[in-house]
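The next block holds one structure in the form of C-alpha cells; read it before the comments.
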Amino acid sequence: MAKPLSEETLAIIEATAPVVAQNVDQIVPVMYRRLLAAPEIRALFNMSHQHGNSPQHKALAGALVAYATHIRNPGVLIDALERIAQKHVGLQILPEHYPHVGNALLGAVAEVLGEAATPEILNAWGEAYWFLADTLIAREEQIYAGSEKQDGGWRGWRRFRIDAKVAETSEITSFTLTPVDGLPVLKHRPGQYLSFRFTPVEGEEYRRNYSISSAPDGVSYRITVKREPGGRISNWLHDSVEIGEEIDVAAPAGEFFLDPTDKQEIVLLSGGVGLTPMMSMLESYGGGDLRMVYVHATQNGHHHAMRDASRLKAHESHVFYETPEESDVADGVHAGRVDPSWLVQISNPATADYFVCGPTGFMQEMVKGLKAANVPETRIHYEFFGPATAQIG
C-alpha cells in the first residue's frame, strides 16, 4: 500500500503545481529524452509517438497537471489510473521500470526549472511520484495475479503460433493465434486487447497492443491489423510474417469490454479499424436476446473489413462511407459522416449503452455528441489506440 503523503509534501506540491503547469510542455519532452536513453526502457515505447507534437507527450503533460491539481484527492483520477494500469500490464511494465521514470521526471524538472527547483521541491515531487507509482504497482500486481489464476491464464510472455492470415481488405489483415504449448487460453472479455513483443530484426524489440477481434473460445485469439503508413510493425506483419511463425503474447487486458449483465440495448459505433473490438462483442452476443445495433464509418467499400459478419450478428446494422462509390450507394450505405444526434434517434438514449472505438478525432466527436444528447457518461464506453492518459470526452 502506498505511503500517505506528508502535509509538508502536499503543501509544496500545491504551491509549485502552477509553475510546473506553466512549464510542463518543456518538462515532458526533456523527461522522454532522458527516459528513452535507457535501452531497456526504449523498447517499451512506440517510437512513432515520440515526435515533437506527440499526443503521448500531451497526454502525460495533462496527467502531471491533473495529478498535482488533485494531490489531496487523487481518487477523482481513479478511472484514468485504471486505464494506465491496464496499459502498463499489457506492455508488461514491472516495478523495476518505475525508478527510470522517476529519475527522468525529476531530472527534467531540475533541468527546466533550474535554480527554482530546490532540493525541497525535488524531494516533494519525488515523494509524490512514488506515491503514484506504488499505487499503480499494487493495482498492476492485482491484474497480473488475476490473469495468472484464471483457467488458461498466464503471467509474462507466452509463445503463440500464427495459424491463419486473412486479408480483410487491401490494408487490413487478420491473424489467428494459438499457443505453442497446446494448452487452453484465457477467455478474454469481448473488447479487450492482447499485447505483443515483436523482434522483426535480431536485436530489435517492439511492443504493441491489438484488440482481439474474435469471441472468446479458450483455444485461440484473432487480431485484425491495419497497415499504417510508415508503421514499422504493421507493415512487417502484413508483408513479412507468415503462417507458422511464433510471437510473444501477454494475457488479455483492458477495461473496455462488454458485460451484458443488466444491459437493455447496445449500440456499437466504430470508425476505420476501430471495428476490431466490436467484432469480438458481436461474435459473443450478437443474434441473442440483447438488442445490438452496429454503426460503422469508413472511407468506402474498399476499406470496409468484416462487413458480412456485422450484418449477420447485429439486430440492426448501419454503414457510413465518407467517399462512397456508385456501387456502395446502391448497396444501401449512408453517404457522409455519422451524426451523434442521429444515433440517439435509432436507439433509446435513456436505456442504451454506447461503445465507441476508432481514430481519436472520430471518438471525440462521437463522445461529445452523445453527452450533448444527454446520454449519461456511465453509459458511454470507449477504447482507442493511443496514450493511456489521453482525454476523449
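Position 1 is the first residue of the sequence, and the numbers go up from there.
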Nearest non-hydrogen partners of [X] and [Y], listed with the distance:
X      : Y      : result
Val344 : Ala373 : CG1-CB, 3.8 Å
Gly369 : Pro340 : CA-CB, 3.6 Å
Ser147 : Pro252 : OG-O, 4.2 Å
Ser280 : Ser214 : OG-O, 2.8 Å

Quick one: does [X]'s side chain have a donor or acceptor within less than 3.5 Å of a partner on [Y]'s backbone?
X      : Y      : value
Thr176 : Asp163 : no
His315 : Gly288 : yes
Arg222 : Ser213 : yes

- Item | Results of side chain to side chain donor-acceptor pair (under 3.5 Å) for Asn235 - residues two or more places apart only | Arg227
- Query: Got a salt bridge between Glu82 and Arg139, using NZ or NE/NH1/NH2 to carboxylate O under 4.0 Å?
  - Reply: yes
- Task: Assign the ring pair Tyr98 / Tyr129 to parallel, tilted or perpendicular, where the plane angle (0 to 90°) is split at 30° and 60°.
- Result: tilted
- Looking at residues at least two apart in the chain, or sitting in another chain, which of them share a ring-ring contact (aromatic ring centres under 6.0 Å, His included) with Phe160? Trp154, Tyr221
- Message: When you compare the side chains of Ser234 and Glu228, does any donor N or O come within less than 3.5 Å of an acceptor on the partner?
- Response: no
- Query: Without hydrogens or angle criteria, can the side chains of Glu265 and Ser347 be said to hold a donor-acceptor pair below 3.5 Å?
  - Reply: no
- Is there a path of hydrophobic side-chain contacts, each under 4.5 Å between heavy atoms of I, L, V, M, F, W or Y residues, that connects Val166 with Ile243? no
- State plainly whether one hydrophobic cluster holds both Met279 and Met363, where clusters connect Ile, Leu, Val, Met, Phe, Trp and Tyr through side-chain heavy atoms under 4.5 angstrom apart. no
- Task: Sort and list the pairs that fulfil salt bridge (charged side-chain N to carboxylate O under 4.0 Å, His left out) and have at least one residue in residues 180-198, not counting sequence neighbours.
- Result: Arg158-Asp181, Arg197-Asp248
- CD/Glu316: more than 12 non-hydrogen atoms of other groups inside 6.0 Å: yes
- Run the ring-centre check on Tyr321 versus His304 and record whether the distance is less than 6.0 Å. yes
- Message: In the structure I gave you, are the side-chain heavy atoms of Leu269 and Phe362 within less than 4.5 Å of one another anywhere?
- Response: yes
